[in-house]
Number of protein chains: 2
Amino acid sequence: MKRIAIYHLETLLWIARLGTFRAAAERLNTTQPAISARVREIEEQLGIAIFRREGRNMVLTARGRRLVKECEPLWAGFEKALLTASGFEGATGTVRIGSGEIAAASCLPAYVQEVERDLPGVTLEIELDLTARMLQQLLGGMIDMAFLAGPVASPGIRTVGLGAVSLVWVAGQETVRAGGFAQNLPVWSIPSHSPLHGVTLETLAQGVITPRSISTCNNVRTLIEIISGGGGAAVLPEPMVRSLLASGTLAEVLPRPVRKIQFEAAIRGTESDPVVLELFRRAAGLRIDS
Amino acid sequence: MKRIAIYHLETLLWIARLGTFRAAAERLNTTQPAISARVREIEEQLGIAIFRREGRNMVLTARGRRLVKECEPLWAGFEKALLTASGFEGATGTVRIGSGEIAAASCLPAYVQEVERDLPGVTLEIELDLTARMLQQLLGGMIDMAFLAGPVASPGIRTVGLGAVSLVWVAGQETVRAGGFAQNLPVWSIPSHSPLHGVTLETLAQGVITPRSISTCNNVRTLIEIISGGGGAAVLPEPMVRSLLASGTLAEVLPRPVRKIQFEAAIRGTESDPVVLELFRRAAGLRIDS
DNA sequence: TTAATCGATAACAAAGTCTGATCAAATGAA
DNA sequence: TTCATTTGATCAGACTTTGTTATCGATTAA
């Protein structure tokens, strides 16, 4: 009985969350046989079956479910106690962060720097993705925190605002010299998921400009390069093009839209891991205003 | 960080309770170097000092004290969750039980049998001692539960009644044939700590008998042998002499005293170990009535 | 000073744990 | 069906952790 360690319980929790041994193994940075062994050890120690084979998956038995339920808050409390004792400087582990592309450019550099300074033992795994998929991954436990643009209200997700940045209508230097919107530029945007796309449409709806066409690219960096090369005009977050504006590669071609783009950090509403909660707390302290 | 197991916490808790590594080692059925190693591991993992050398002892630092305080309920929670999952049949460990001699004879056999049947993994270490010393050991953590005679009300101790047994005035067969109290028998009792002694004095105070002398022996079994051999009369718990009365070795020489002897089980009021609490619960279910 | 107690340390033994390479069963697609 | 994929089990071996015994130096009390 005494031979059950904390990581055995942590293993149970992650299997319960992710559904398969393999996913838990990946999540815990180990191998599937190790997970199998841990589960076997717990079952042997307790003399009960915690999982039952169901097709090619393992599912929790009633007792297993109860055990997991009881252990979850205890595990969180334990982690918190240890981290509190070491003042969080001793925090270790891997936290997976999803981020939208725009949020990544605007929020991540400062954030990562802060975390690496204050919590040197924590490894971050950052993956850029679309907002919808990120929320799904967040709920499914594949990522622990997400940075994203635009207000998100999803059940089971807890968010905090990080600030807002201005948007600017820009076009390439050459294009502007050639007359800008006087000559029916093509407008570029990113696919309809993004709040940027909404702003693009709003401006167009005002009838100020008549685009030659509306093209999209799902990668903002590439889009910026297209614009820089004279491909047309686009609404972009000011921080992402600030240096290009300063160097003259890009120039503003319309008044700045009133709407700004909001950034948020998101975690599961049920998140209990103190490291993730601490990272979320720190994210909430970011102020990404332009 | 993840390399800290439940027994590390248990180790901290017992060091905090008992004051020294050695005592904790003994209590946890291991050696002092093992305890030192566990402490070192925790301190290394957390990167903080939990103990500070003070003379030849180690005392908790402020952080250490806080950690212990936070971990105590967590540890109890883990133990309880695990034991609940295995239905307590999987309980393991050692529980130290102190018992008064009379309580031992009256309560322990049935109790031990029940525990060995239902919680086969639990080892009992039973030590017979005086009530006062037992309470001290209980509070000091050297024992976990005590069975004792007579009502006890001590701060920090939680008790439950187990029932009462009758007392009988007995003397040896030969003595009774020779006339019993008609001939001024010596009276034997146990030292003044015991409730038996009180009953002895009460009877004498009623003036019914006039003893030739009042001697004492701090061991009831020996006292019974003395009485059996014709050494005099004594007040004894009925169950302890039942078979000797039946066989005729002893005989009752006075009406039974009205006062009975109460038995109680006692644990620390702050006890959190689920195994001990379970054993206490079972003790409370005993009914030792004659 | 002597004896006893406290915890640290080293050397060795024992037990536990992880990994990488399979294996068998179940599932889903062609 | 057949084939490819996914899931977990198993095993051998290397490696790590953990415990024990015996000893040490430091501190305290007699």
Side-chain angles (χ1 to χ4, degrees), chain A residues 1-46 48-61 64 68 82 92-94 140-142, chain B residues 1-46 48-61 64 68 82 92-94 121 123 140-142:
Chain A
M1 180 75 73
K2 298 298 165 49
R3 289 266 150 229
I4 295 181
I6 301 295
Y7 64 80
H8 284 112
L9 301 178
E10 190 183 18
T11 303
L12 283 191
L13 297 186
W14 278 108
I15 298 173
R17 282 181 199 162
L18 301 179
T20 72
F21 286 23
R22 282 197 126 79
E26 194 179 331
R27 170 68 226 211
L28 294 169
N29 294 315
T30 181
T31 58
Q32 170 262 315
I35 301 294
S36 289
R38 291 180 189 176
V39 171
R40 183 163 25 80
E41 284 155 18
I42 305 178
E43 293 189 325
E44 275 173 9
Q45 293 282 326
L46 297 185
I48 62 170
I50 294 177
F51 290 95
R52 178 180 62 242
R53 215 180 180 111
E54 189 115 320
R56 67 182 174 192
N57 293 318
M58 300 293 273
V59 298
L60 283 166
T61 61
V68 166
L82 294 186
T92 57
T94 303
M142 292 314 293
Chain B
M1 181 76 74
K2 297 300 165 50
R3 286 268 150 228
I4 296 182
I6 294 178
Y7 64 80
H8 283 111
L9 300 185
E10 193 180 16
T11 303
L12 281 191
L13 297 186
W14 279 106
I15 297 172
R17 282 183 199 162
L18 301 179
T20 73
F21 286 23
R22 281 197 127 76
E26 194 180 331
R27 169 68 228 210
L28 294 170
N29 293 315
T30 182
T31 58
Q32 170 262 315
I35 300 294
S36 289
R38 291 179 188 176
V39 171
R40 182 161 24 82
E41 284 155 20
I42 305 177
E43 292 188 327
E44 275 174 8
Q45 293 280 327
L46 296 186
I48 62 169
I50 295 177
F51 291 94
R52 177 180 64 241
R53 196 151 209 135
E54 189 115 320
R56 68 181 172 191
N57 293 320
M58 301 293 273
V59 298
L60 282 165
T61 60
V68 166
L82 295 180
T92 57
T94 303
T123 305
M142 294 313 294

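In the text below, chain A, chain B and the rest are named by the order of the sequence lines, each starting its count at 1.
Under the 4.5 Å side-chain criterion, counting only non-hydrogen atoms from C-beta, A/I6 is in contact with B/I6.
Listed candidates were C/dA8, D/dG8, D/dT18. Nearest to the side chain of A/Q32 is D/dG8. Among D/dG8, C/dC6, C/dC18, the nucleotide with an atom closest to any side-chain atom of B/T20 is C/dC6. Closest to the side chain of B/P33, from the set C/dT19, C/dT17, C/dT9, is C/dT9. For A/F21, the side-chain atoms get nearest to D/dA9 when compared with the rest of C/dT17, D/dT20, D/dA9. Closest approach to the B/A34 side chain among D/dT18, D/dA9, D/dG19 is made by D/dG19 (side chain taken as heavy atoms from C-beta onward).
When the C1' atom of D/dT18 is taken as reference, atom CD1 of B/I42 falls 14 Å away, rounded to whole Å. One can place CD of A/E41 at 8 Å from C1' of C/dG16, the figure rounded to the nearest angstrom. As rounded to whole Å, 9 Å separates atom C1' of C/dG7 from atom CG of B/N57. Whole-Å rounding puts the B/M58 CE to C/dT9 P distance at 10 Å. Atom pair A/Y7:OH and D/dT16:P shows a separation of 15 Å (rounding to whole Å applied).
Under a cutoff of 6.0 Å and an axis angle of 45°, B/R40 and B/F51 do not form a cation-pi pair.
Between A/R3 and D/dG19 there is a side-chain N or O to OP1 or OP2 distance below 4.0 Å. Under 4.0 angstrom from either OP1 or OP2 of D/dG25 there lies no side-chain N or O belonging to B/R56. Taking only side-chain nitrogens and oxygens, B/R53 never comes nearer than 4.0 Å to OP1 or OP2 of D/dT27. Of the side-chain N and O atoms in A/S36, none sit less than 4.0 angstrom from OP1 or OP2 of D/dG8.
One distance of note links CG of A/L13 with NE2 of A/H8; it measures 13.0 Å at 0.5 Å rounding. Rounded to the nearest 0.5 angstrom, A/W14 CH2 and A/T20 OG1 are separated by 12.5 Å.
Between the side chain of B/R22 and the base of C/dG7, a donor-acceptor pair under 3.5 Å is found.
A donor-acceptor contact shorter than 3.5 Å links the side chain of A/E43 to the backbone of A/I50.
A/T31 comes within contact range of at least one nucleobase, with a heavy-atom separation under 4.0 Å.
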